[in-house]
2 protein chains.
Amino acid sequence: MLSAACKESIRAMIYITHAGGERKIIPVKDVAEKLDTSFYFLAKNVQKLVKAGLLFSYKGPKGGVKLAKKPEDIKLIDIVQAIDGLEFFETCLLGFKECSDEHPCAIHHKWADKRRAIYKMFSETSLKEIVEDMEKLCIDVIF
Amino acid sequence: MLSAACKESIRAMIYITHAGGERKIIPVKDVAEKLDTSFYFLAKNVQKLVKAGLLFSYKGPKGGVKLAKKPEDIKLIDIVQAIDGLEFFETCLLGFKECSDEHPCAIHHKWADKRRAIYKMFSETSLKEIVEDMEKLCIDVIF
DNA sequence: TATATTTAAGAATAAAGAGTCTTAATTCTT
DNA sequence: AAGAATTAAGACTCTTTATTCTTAAATATA
Ligand code: FES
Ligand code: FES
C-alpha cells in the first residue's frame with residue numbers, strides 16, 4: 001500500500017519531530033544513521049518533503065532539516081501525499097477506470113468504507129500525537 | 001495495495017463466476033476479450049489460480065477454466081493470497097521488521113484495526129455475493 | 001491418425017521502483 | 001578568501017514487476 005520510500009519518510013519525520021521538532025536543525029545524515037538506512041535514498045525523499053512544505057532545509061555546516069509546521073499540524077496524509085500521492089484513495093480496487101458512487105465496481109461499496117476509514121485515520125493522526133503515544137507507551141522511536 | 005495482476009485476477013474470477021460458474025468451461029481467451037486485457041498476462045495469472053485450487057483447467061478444443069468450488073466458497077482473500085500473498089496483512093505499515101501487538105511501531109495500534117477490517121471484508125466476501133450484488137444493482141460485470 | 005485448439009511453462013523484453021553515486025550550490029568557520 | 005560541511009539535482013545501476021512471446025503438452029474432432 002505505501003511504497004518503501006513513503007514508509008521510510010514517515011519514520012524519518014517521526015524521528016525529526018522527536019529529535020528536533022520545529023526548533024532544532026537535524027542533519028539528514030544523522031537521520032539516516034538513526035534509521036539505519038541509506039543516506040542517499042533518504043536524502044532524495046527528504047527533498048520531496050521539503051518541496052511539499054513539510055520541512056525547511058539549510059545547507060552548509062550545521063545545516064540539515066527541521067519541521068516547517070507545528071507537529072500537530074503535520075498529518076500522516078501530508079507525508080503520504082508528498083511521497084506516493086493519493087491515487088490509492090482515488091482509484092478502483094479492481095483497476096477500473098472510474099471509481100465513484102455513481103460508477104461503482106463490484107466491490108466499490110464495501111471498499112469505499114474501508115478506504116475512507118484509512119483516509120480519516122491518516123488525516124487525523126499528527127506527528128505530535130504519534131510521538132506522544134510512543135513516549136507514553138515507552139516505544140523506541142527508532143525501533 | 002493490490003498488484004495489477006491481482007486486480008485483474010479478481011475481475012477475471014468475477015466474470016468466470018458470472019459466465020460459467022462451477023459448471024460451464026470458459027476459455028481464457030474469452031475472459032481476456034471480455035475484460036479487454038492481454039491474453040498473455042491473464043493466462044499467466046490464471047495458472048496461479050489453478051495451482052491454488054480455485055479453478056479447474058482443461059486443455060484442448062472446448063478447453064478453458066471453471067470454478068473449482070462453489071461461488072459462495074471462494075472468497076476475495078483466496079484470490080489475493082494466490083496472486084499477491086498475504087504480506088500486506090502481516091507486515092508493518094512503516095517497514096519495521098516485526099509487526100505485532102508485542103512489538104508495535106508508532107502507529108501499529110491504529111493501523112492494525114483498519115487492516116483487520118479489510119482482512120475481514122476480504123474473508124467474508126464471496127464471489128457469489130459479488131455477482132448477486134452486481135445483478136441486484138444492475139452493474140455490468142465487465143464495466 | 002492428423003489437425004486444430006487450448007492450457008502449461010518458462011524465456012525474453014519493457015517499464016517502474018529502489019537504491020547509489022557524482023557534481024553543483026550554498027553556507028558556516030577559520 | 002579558503003576550506004569544509006551539507007543539501008539540491010540529476011544521472012546511473014540494480015531489482016522487481018509487468019507484459020509479451022515461444023514452445024511443449026494435452027485433448028477434442030474429423
Ligand atoms: S469502483 Fe472499484 S473500488 Fe470504486
Ligand atoms: S508494527 Fe508497524 S504496523 Fe504493526
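A note on names: the letters A, B, ... follow the listed sequences, proteins ahead of strands, and every chain is numbered from 1. Given the structure is predicted, the values throughout are model-derived calculations rather than measurements.
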For a quick test of your reading: what N or O donor-acceptor pairs under 3.5 Å do the side chains of residues 114-123 of chain B make, sequence neighbours left out?
{"residue": "B:Arg115", "atom": "NH1", "partner": "B:Thr91", "partner atom": "O", "Å": "2.9"}
{"residue": "B:Arg116", "atom": "NH1", "partner": "B:Asp113", "partner atom": "OD1", "Å": "3.4"}
{"residue": "B:Lys120", "atom": "NZ", "partner": "B:Glu124", "partner atom": "OE2", "Å": "3.2"}
{"residue": "B:Ser123", "atom": "OG", "partner": "B:Tyr119", "partner atom": "O", "Å": "2.7"}

Could you say whether A:Leu42 or A:Lys62 is positioned toward the 5' end of DNA chain C, judged by the nucleotide with the nearest heavy atom to each?
A:Leu42
Side-chain donor-acceptor contacts of residues 53-67 of chain B below 3.5 Å, not counting sequence neighbours, with atom names and distances?
none

Just how far, in rounded Å, is C1' of D:dT17 from CD of B:Glu8?
14 Å
Would B:Lys128 and B:Glu132 pass as an ion pair if we require N to O under 4.0 Å?
yes
Within residues 24-32 of chain A, those residues having any heavy atom closer than 4.0 Å to DNA chain D are A:Pro27, A:Val28, A:Lys29
Please find the earliest and latest nucleotides of DNA chain C, in the 5' to 3' direction, that have an atom within less than 4.0 Å of any heavy atom of chain A.
C:dA18 to C:dT29
Using 0.5 Å steps for rounding, measure from the CD atom of B:Glu98 to the SG atom of B:Cys92.
10.5 Å
In whole Å, I'd like the distance from the NZ atom of A:Lys48 to the P atom of D:dT7.
18 Å
Quiz question: by atom type and distance under 3.5 Å, do the side chains of A:Lys110 and B:Thr125 form a donor-acceptor pair?
yes
Measure CG/B:Asp36 against P/D:dT19 and give the value in whole Å, please.
13 Å
Working to the nearest 0.5 angstrom, can you tell me the gap between B:Ile79 CD1 and B:Lys7 NZ?
14.5 Å
Please classify the nucleic acid contact of B:Gly60 as base, sugar-phosphate, or nothing, using heavy-atom distances under 4.0 Å.
base
Atom CZ of A:Phe41 and atom P of D:dT15 are separated, to the nearest Å, by 15 Å
Considering only side-chain heavy atoms of A:Pro61, which listed nucleotide, D:dA18, D:dA8, D:dA4, is closest?
D:dA4
A:Phe39 or B:Val65: which one's nearest nucleotide on DNA chain C is closer to the 5' end?
B:Val65
Distance check needed: D:dT6 C1' versus A:Leu55 CG, whole Å only.
15 Å
Can you tell me how far P of D:dA26 sits from NZ of B:Lys59, to the nearest Å?
5 Å
Can you tell me how far CH2 of A:Trp111 sits from CG of B:Leu2, rounded to the nearest 0.5 angstrom?
7.0 Å
If only atom types and distance count, is the side chain of A:Arg11 paired as donor or acceptor with the main-chain N or O of A:Leu35 below 3.5 Å?
no
If you compare every side-chain N and O of A:Ser57 against the phosphate oxygens of D:dT7 (OP1, OP2), does one of them come in below 4.0 Å?
no
Would you give the length of the straight line joining atom CG of B:Asp78 to atom CG of B:Leu49, rounded to the nearest 0.5 angstrom?
10.5 Å
Counting distance only, does the side-chain N/O of B:Asp30 pair as donor-acceptor with the main-chain N or O of B:Pro27 below 3.5 Å?
no
Please identify each residue that fulfils side chain to side chain donor-acceptor pair (under 3.5 Å) with A:Asn45, with sequence neighbours left out.
none
Decide side chain to side chain contact (heavy atoms under 4.5 Å, CB included) for A:Asp133 and B:Ile107; before the verdict, give the C-alpha distance in whole Å, the side-chain angles of both, and the deciding distance to 0.1 Å.
CA-CA 9 Å; A:Asp133 281 359; B:Ile107 60 174; over 6 Å; no
Sugar-phosphate atoms are those with a prime plus P, OP1 and OP2; base atoms are the rest. Using that split, label each nucleotide of nucleotides 9-14 of chain D B, S or - for protein heavy atoms under 4.0 Å, 5' to 3'.
B-----
Between B:Tyr58 and B:Asp84, which has a closest nucleotide on DNA chain D that is more 5'?
B:Asp84
